[in-house]
Amino acid sequence: MKNIIVSVILFLFGCAGAFGADRIFLEKPFVDFEGEKRNVLEKLLSRAVLKANRIYSSYFEIVSDDSSNPDYLLQAVLAGDGEDTTVSITLKDPETEDSISMAVIGNLSDDRVSHFSNLFFYLWSSFHHYMADNLEPGPLLVEELSADFISQSLSTGMPMQLYPYSIAVKNNGNILIGFISMCVELDRNFRIIDQPGKSLSEQGNYTYAYGISVTPGGTIYLKPSAGRDVYKIIEGAPKPIRVRTGVEVQGPFVGLPDGSIVIIDLTKKFATRIEGRKSTVLDLFPGTYSFITAATAGPDGNIWVFDAMERRVLIYSPDGSLLDTVIPVVDQKISLSVFSMAVYPDGSFILFSGGELWRFRKNGMPVWRMTSIEKGTSEALPQTAFVGVDPQRGLVYLTDMMGRRILKFIDTSYTRENSISNPFEEEMVALGKRIVLEPDNTDLLSQKAEVYEDNGAFALAKSYWEQVLEIDPFQQTANERLDSIEVAILKSK
């Protein structure tokens, strides 16, 4: 099959200092060929230039008037037909011969306008260290809670090990943790509030809380690990409501603000939206090779998905219309195996990818990158985790399944940008830092235990009193407080 070559020359001038607005010269294709495909590609590239000039104007401007001394050459090579159409775009520095390429596979649809404009910015950023020179510090660890303290505080009738898997955050700041075999609602201090869907377990459904989603109105959706049913929990309703989806629930699922749910089948590349008894097929897979690994609801009630094959985020309306796309600016050498994602109201978003946590601006620029937890020693993040955010307070939660714990962080960049104050969490962070410096200081551990106990967070208080006893087994106050906490837990049961 004959390759069709379309060359677009981009000239970047004076990349002075802190990424000033560079001048980019767009030259018409220098290889002449006929046919509809050429016209389609030219129109898509032209529209992509207009969009790139609008959303990336702080970094560059693409112009069509003549210029000289090009800094970069951007070449687009088009090959194939239909779904096998491939557009390979390469940015090259003619002086150093350094270059970077990315391929776009699939039909030349209107979707490519956003995709190409994203690629212009991504390829440009690759010559500027992927905008990573001035990353902000990552979130600060507030607390971690072992799943053992949850199981010890619940009346399960038998000893069991809980593995926190999925997570969702309610508007009031409470978090819902899916332990596969049960769902537990905790407040921001990890106090147990409720066990949504408990009756499902009592009826023999022991994997009803594999996946969790919650709407702004507080409606909870629970997805079992297998089967075609999802369970809906409405506040005040006597029992969970079975939602028959008619499809295998084998991939990400999202509860939208309007009460509908979106279910994605990865193996069949199929997505459907369930609204009451009505089911609507959604076209969320832009190409033959698309592979959606994560999905969530956006701030405007839209559907955000991550396509691992194209390393980009796609934003759809509830009816499946493509609204926008974003390419996270991450070095191609870094694996971007996104497992879960969350979106802030300002359109910035968080991705968890194989032991790394990232936050990006709406245009794809990285804000921070987190690979470890500073706890005296550098502790690696888990390889698999679900992420949840509390945007009103700037809190980020991770479920560490293999570590059997729940991690709570403050996203200090987000709280600073939005003038959010969290005095309690900030006090816990400060105490935690002092404990890292003085790990055997029982006074500091006792102080933290007392704060949590005063706030009714018995699980956390118990963990810190036990740490005191590990250092000083004869500490009378710690023994007395543990006895008191055990009584309080028994009463709560």
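Basis for what follows: all heavy atoms, side chains included, without hydrogens, waters or symmetry-related copies.
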N-O pairing of Glu61 and Arg54 below 4.0 Å
no
Thr415 vs Ile410, side-chain contact (heavy atoms from CB on, under 4.5 Å): CA-CA, chis, key distance, verdict:
CA-CA 8 Å; Thr415 56; Ile410 293 182; 4.1 Å; yes
Please confirm whether the ring centroid of Phe121 lies under 6.0 Å from the ring centroid of Tyr59.
yes
With the threshold set at 4.0 Å, does a side-chain nitrogen-carboxylate oxygen contact exist between Glu143 and Lys408?
no
Using a strict threshold of under 4.0 Å (side-chain N to carboxylate O), is an ion pair present between Asp111 and Arg312?
yes
Asp300 (side chain) donor-acceptor with Asn302 (main chain) under 3.5 angstrom
no
Salt bridge between Glu426 and Lys433, side-chain N to carboxylate O under 4.0 Å?
no
Return the set of residues passing side-chain hydrogen bond (donor to acceptor under 3.5 Å, both in side chains) with Arg311 (not counting sequence neighbours), or none when no residue passes.
none
Suppose the criterion is ring pair (Phe, Tyr, Trp, His ring centres under 6.0 Å): which pairs have a residue in residues 304-343, not counting sequence neighbours?
Trp304-Phe349, Phe339-Phe386
By the side chain to side chain donor-acceptor pair (under 3.5 Å) test, which pairs, at least two apart or in different chains, include something from residues 290-299?
Ser290-Asp307
Does Thr384 use its side chain to pair, donor to acceptor, with the backbone of Met401 at less than 3.5 Å?
no
Determine whether the side chains of Asp229 and Tyr208 contain a donor N or O and an acceptor N or O closer than 3.5 Å.
no
For Trp358 and Phe360, I'd like to know if the aromatic rings sit close, meaning centre-to-centre distance below 6.0 Å.
yes
Looking at residues at least two apart in the chain, or sitting in another chain, which of them share a side-chain hydrogen bond (donor to acceptor under 3.5 Å, both in side chains) with Ser225?
Thr207
What about Phe270 and Phe285, are their ring centers closer than 6.0 Å?
no
Between Arg434 and Glu427, is the closest basic N to carboxylate O distance under 4.0 Å?
no
So, Asn418 and Tyr344: side-chain donor and acceptor under 3.5 Å apart, yes or no?
no
Between Arg359 and Glu136, is the closest basic N to carboxylate O distance under 4.0 Å?
no
Going by the side chain to side chain donor-acceptor pair (under 3.5 Å) test, which pairs reach into residues 259-269, not counting sequence neighbours?
Asp258-Ser260, Ser260-Arg273, Asp265-Thr267
With distance as the sole test, does Gln392 use its side chain to make a donor-acceptor pair with the main-chain N or O of Asn172 at under 3.5 Å?
no
Around atom OH of Tyr210, are there more than 12 heavy atoms of other residues, nucleotides or ligands at under 6.0 Å?
no
Inspect the contact between Asp324 and Lys51 and indicate whether a charged nitrogen and a carboxylate oxygen are less than 4.0 angstrom apart.
yes
Arg393/Glu425 ion pair, N-O < 4.0 Å
no
Across all chains, not counting sequence neighbours, the side-chain hydrogen bond (donor to acceptor under 3.5 Å, both in side chains) partners of Ser101 are Thr90
